[in-house]
Structures are given as C-alpha cells and as structure tokens.
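As the structure is a prediction and not an experimental result, all values here were calculated from the model. We name chains A, B, ... by the order of the sequence lines, and we start the count at 1 in each one.
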Amino acid sequence: MSGNMNINLKVWRQKNGKSQGKLVDYKVENVSPDMSFLEMFDVLNDRLINEGKDEPIAFDHDCREGICGSCSMYINGRPHGPNQGVTTCQLHMRSFKDNDTIVVEPWRSAAFPVIKDLATNRSAFDRIIASGGFISINTGNAQDANSLPIPKGDADDSFAAAACIGCGACVAACKNSSAMLFVSAKVSQLALLPQGAPERATRVINMVAQMDAEGFGSCTNTGACEAECPKQISLTNIARLNREYYKATLFSNEG
Amino acid sequence: MNWITKMFSSSLGQKLIMAITGLFLITFLIVHCTLNSLIFLNDGGVTFNAGAQFMATNPLIRIVEVVLFIGLILHVVKALLITLNNNKSRPVKYAAYDGKANSKWYSRSMGILGSLLLIFLVIHLSHFWIGTKAAQLNGTILSHNTYLELKEVFESPINVLIYLLGVISLGYHLMHGFQSAFQTLGINHKKYTPFIKSFGNVFSILISFIFAMMPIAMHFDIIK
C-alpha cells in the first residue's frame with residue numbers, strides 16, 4: 001500500500017533478570033502509518049515466530065486503549081514515545097517517518113527490574129499502594145448524593161490525581177528515577193476527600209517510607225515526570241505530598 | 001525524637017534541608033550583592049570599605065557568619081549524599097536519552113553547577129575571606145582595605161574570567177533552585193506559583209548580572 005513505511009528498530013533484548021541484555025536491530029517493512037506502536041511489534045513478533053530463529057519480543061500490554069498503564073516502552077529517549085499525554089498503545093506509526101530508526105528500551109530503574117526484554121517488574125508500585133494507598137472503611141451502599149459535602153474544586157483535583165494509571169512513566173522519565181509523581185497522585189486523591197481523612201497521616205508516612213525502601217531516587221523538581229505523564233498528572237500533587245508529609249510528621253501523632 | 005530523625009533521613013526530609021539551606025544562602029547573596037554594589041558609587045571605595053568594616057567587626061554578623069558556613073556545608077554535604085543515592089537508583093543507563101524533551105538542562109545539571117560553584121567559592125574565599133579573617137585575628141581590621149584587594153584581584157584577566165564563569169553557574173543554579181525550593185516546601189498554587197517562577201528567573205539573572213559587572217567594571221577601570 002502506498003504511504004507504508006520501513007522502520008529500523010533497535011530493541012532491548014534480555015533473556016531474563018540475571019542475564020546481560022543488548023540492543024538488537026530489526027527491520028520492519030511495509031508498516032501502515034495507522035498501526036499503533038504495539039501493533040507494529042505484533043507484526044514483528046508474528047514474523048519472528050514464523051521464522052523460528054528468534055524468540056518473540058516480550059513486552060507488557062493489556063487494554064490497548066490507554067487506561068491500563070501496562071505498555072511500558074521507552075522510545076527514542078522518552079517514555080511512551082514522542083507524543084504528549086498518550087501511552088505506547090495510543091502512539092501510532094504516523095508519528096514517525098519512513099526509514100526512521102527507533103530505539104526501544106524497557107523502563108530503567110533499580111526498583112523496576114527487567115523480567116525479559118521490554119517487560120519490567122513494577123510490583124514496587126503495588127507495595128507502595130499496599131502500604132497506605134487505600135481507605136479501610138466499608139463503603140457499603142451508595143450514599144445519598146449530598147450527604148457528604150465535597151467542594152467542586154477538591155473533587156476535580158482528586159479526580160485529576162486519580163487519573164494516574166500507575167504506568168511508571170514518571171519513574172522512567174526522571175533522571176533520578178523518582179516515584180514522587182506516582183506517590184503524590186495516590187496520596188492526593190484520598191487526602192482531598194473526606195473519606196480519606198481518618199488515615200491521612202498514616203497513609204502519607206507509610207507510603208513515603210515504602211517509596212524510599214523500594215530504592216526510588218529523590219525528587220529534584222526537574223518536571224520531566226509531569227511532561228511525560230500520559231495522564232498529565234500535575235506537579236502540584238508533589239507539592240501537596242510534601243505538605244502532607246511535613247504536616248503528618250510535625251503535627252499528627254503518627255510517625 | 002525518633003520521628004524527627006526519621007523525617008530528616010527520608011528522601012523528603014533531606015530535600016527539605018536542601019530547600020531551607022538553599023533559601024537561606026539566597027538571603028546571604030542578597031546582602032552580599034547589595035553591600036558589594038557600593039563600589040558602583042565610584043568614590044574610591046570609601047563607602048564600600050566602611051560597609052566591609054562594619055561586616056567584619058559587628059559581633060552579630062560574626063555569629064551569622066558561623067550559621068552561614070553551617071548552612072553552606074549542610075547544603076553541599078546533603079546534595080552530595082542525595083546525588084550518590086540518586087545515582088544508585090538507575091544502575092543500567094538508557095542507550096537513547098532525550099532529556100531536553102521534558103526538562104531544562106540546568107534543572108538536570110544542579111550537581112555539576114553546584115560543583116562549579118563550590119570550586120569558585122574556594123577560589124573566591126582565598127581571594128578575599130582569608131585576608132579579612134587574618135586582619136580580624138591580628139587586629140589590623142580597621143586599616144584593612146578590601147577595596148584595594150578587589151582592584152588587585154581583578155587586574156588579572158584570568159581572575160575576571162573565573163568570576164564570570166562563577167556567576168554564570170550561580171545564575172543557572174538559582175534559576176532552578178529558587179523555584180524548586182518553594183516546590184519542595186510544598187508551596188505551589190496557581191495563585192502565586194507563576195509569580196514565584198518569574199520572580200526567581202528575574203532575580204537569578206539580575207543578581208548574576210550585578211555580580212558580573214563588578215570584576216568587569218574594576219578590570220576596565222570604569223570604577224576608579
């Protein structure tokens with residue numbers, strides 16, 4: 001078909017967490033500009049399986065509609081590739097040119113060890129959530145709509161923070177692989193609502209302690225996370241996390 | 001007191017120390033720059049020397065000097081420890097890394113800029129602080145002519161170049177550091193954050209410019 005492209009890929013191949021990896025060249029021909037980036041990988045994997053010489057490339061993916069946060073590819077030096085506010089599955093080949101060379105790497109962080117090829121183990125995020133990113137009350141049936149008054153602005157900010165899909169692009173983008181944007185979103189979404197109030201202090205103290213224990217770096221406010229976040233989580237959440245943490249440490253009975 | 005050591009050993013607590021000491025060092029810069037600007041009165045250093053003598057003999061300033069050095073050392077040592085820890089957080093580096101796509105180069109180079117500043121500071125202190133300190137100790141401070149020292153140091157074009165590189169590093173370090181300190185303190189709101197950011201940029205450029213003018217004006221004898 002006219003308009004189709006040839007793409008030169010350099011993909012990180014690594015057998016398992018213990019082995020050394022390296023970038024391997026692949027040429028993918030006749031790529032439709034309407035394919036998603038993951039579909040191009042499907043086409044390549046199909047070929048690799050049929051050829052039988054090389055194992056297919058392992059990569060994480062699930063919903064393919066930009067909401068699950070699985071597709072963690074570091075493309076040409078940026079998490080999720082060149083576009084703003086999208087995940088890899090929502091990145092289409094029309095964002096590239098014919099004969100482009102594209103380097104694809106896994107998220108790089110001590111806290112996200114490589115499982116195989118482009119797939120990394122992001123359960124550090126799960127452990128951070130398990131340390132406090134929840135509310136313990138039984139929610140029961142849906143309440144009367146206005147029985148718990150919440151200012152519109154707080155609800156909006158909470159929803160905006162709750163848009164975080166836990167993909168880890170913030171960690172991948174940060175020069176210190178800091179998880180502050182992720183943790184700040186998870187702390188903010190509950191700190192802004194009355195339902196989150198009873199555990200507000202313990203939550204932030206425990207989640208920060210778990211974040212540090214997982215080996216993420218610290219935040220130096222470069223803003224790379226905000227710029228690369230597919231859900232455009234704002235840096236104001238990091239400031240809120242800082243406030244919540246100091247407040248909980250200095251003025252609550254926790255910690 | 002377990003909670004307080006826990007707080008200051010956490011990544012957030014360490015950053016809090018960076019922010020507080022950083023802002024404290026900025027207040028020192030304002031005093032330093034204002035006093036030094038007295039040379040622009042072009043009165044042969046009379047007012048400037050009077051200011052320098054006040055700073056060298058006032059007992060309150062002597063105490064603040066100690067606090068200043070503690071603040072500086074805390075800022076440097078904490079930065080070093082944080083950087084070492086951050087370097088451990090990504091053992092395998094990216095083959096392709098496009099940092100400029102998502103952040104300013106100077107925000108990613110605070111360690112390098114800070115190291116340059118520290119080297120500059122050692123040279124700067126050896127030029128002026130040591131002489132003043134010696135005069136304080138041997139009781140000749142009242143006849144100590146700092147203005148003459150300035151003249152001598154800035155006769156050398158190499159020294160002028162070192163000072164220019166020093167203030168350029170300072171300017172970029174402040175451009176990120178100023179607004180970053182407020183973010184770390186948790187001060188971020190759409191009502192005033194745009195002001196903090198633009199004020200920080202103007203302040204950084206202005207203070208570096210004034211500092212840069214001092215060696216230039218002295219070297220080219222614009223100030224007699």
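- When heavy atoms are compared at a cutoff of 4.5 Å, B/Leu185 approaches chain A solely by way of its backbone atoms N, CA, C and O.
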Give the intermediate values and the outcome of side-chain contact (heavy atoms from CB on, under 4.5 Å) for residues A/Ser19 and A/Gln14.
-> CA-CA 7 Å; A/Ser19 62; A/Gln14 185 174 338; 3.9 Å; yes
Decide side-chain contact (heavy atoms from CB on, under 4.5 Å) for B/Phe182 and B/Asn188; before the verdict, give the C-alpha distance in whole Å, the side-chain angles of both, and the deciding distance to 0.1 Å.
-> CA-CA 7 Å; B/Phe182 286 92; B/Asn188 182 328; over 6 Å; no
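- Neither the backbone nor the side chain of B/Lys190 has a heavy atom closer than 4.5 Å to any heavy atom of chain A.
- Ranked by non-hydrogen atom pairs under 4.5 Å with chain B, the options A/Val114, A/Val103, A/Leu235, A/Val208 are led by A/Leu235.
- Proximity of the aromatic rings of B/His124 and B/Phe128 is defined here by a centroid distance below 6.0 angstrom, and this criterion is met.
- Proximity to chain B (any heavy atom under 4.5 Å) is restricted, for A/Asn76, to the backbone atoms N, CA, C and O.
- Using bins of under 30°, 30° to 60° and over 60° for the plane-to-plane angle, the ring pair B/His32/B/Phe28 lands in the parallel bin.
- Few gaps surround CG on B/Leu84; more than 12 heavy atoms of other groups in view lie less than 6.0 Å from it.
- Residue A/Ile205: no heavy atom, backbone or side chain, is found under 4.5 Å from chain B.
- Per-residue counts of heavy-atom pairs under 4.5 Å with chain B were compared for A/Arg243, A/Arg240, A/Glu105; the largest is that of A/Glu105.
- Of residues 152-165 of chain A, no residue lies under 4.5 Å from chain B by any heavy-atom pair.
- Contacts of A/Tyr74 with chain B are made by side-chain atoms alone, with heavy-atom separations under 4.5 Å and no backbone atom involved.
- Within a 6.0 Å sphere centred on NZ of B/Lys133, other residues, nucleotides and ligands contribute more than 12 heavy atoms.
- Side-chain atoms of B/Asp98 never come within 3.5 Å of backbone atoms of A/Gly77 as a donor-acceptor pair (strictly under, hydrogens ignored).
- A heavy-atom distance below 4.5 Å is found between the side chains of A/Arg13 and A/Tyr26.
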Going through the distances and angles, do A/Ile57 and A/Phe41 end up as a side-chain contact (heavy atoms from CB on, under 4.5 Å)?
-> CA-CA 8 Å; A/Ile57 300 162; A/Phe41 266 79; 4.0 Å; yes
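- Within the 4.5 angstrom heavy-atom criterion, atoms from both the backbone and the side chain of A/Ala172 approach chain B.
- For B/Ile216, the side chain to side chain contact (heavy atoms under 4.5 Å, CB included) partners are B/Leu164, B/Met213, B/Phe220, not counting sequence neighbours.
- For B/Thr193, no part lies under 4.5 angstrom from a heavy atom of chain A.
- Of all the listed residues (A/Glu244, A/Gln84, A/Met211, A/Lys175), the one sharing the greatest number of non-hydrogen pairs under 4.5 Å with chain B is A/Lys175.
- Interface remark: B/Met110 contributes no atoms to any contact with chain A (heavy atom separation under 4.5 Å).
- Proximity to chain B (any heavy atom under 4.5 Å) is shown, for A/Ile238, by both the backbone and the side chain.
- In this structure, the portion of A/Cys174 lying under 4.5 Å from any heavy atom of chain B is its backbone and not its side chain.
- Residue B/Ile112 qualifies as open at atom CD1: its count of foreign heavy atoms under 6.0 Å is 12 or below.
- Side-chain contact between B/Thr132 and B/Met55: absent, with no pair of heavy atoms (C-beta onward) separated by less than 4.5 Å.
- Between B/Phe154 and B/Tyr163, the ring planes are perpendicular. Angles over 60° get that label, and only those under 30° would be called parallel.
- Heavy atoms of A/Pro106 lying under 4.5 Å from chain B belong exclusively to its backbone.
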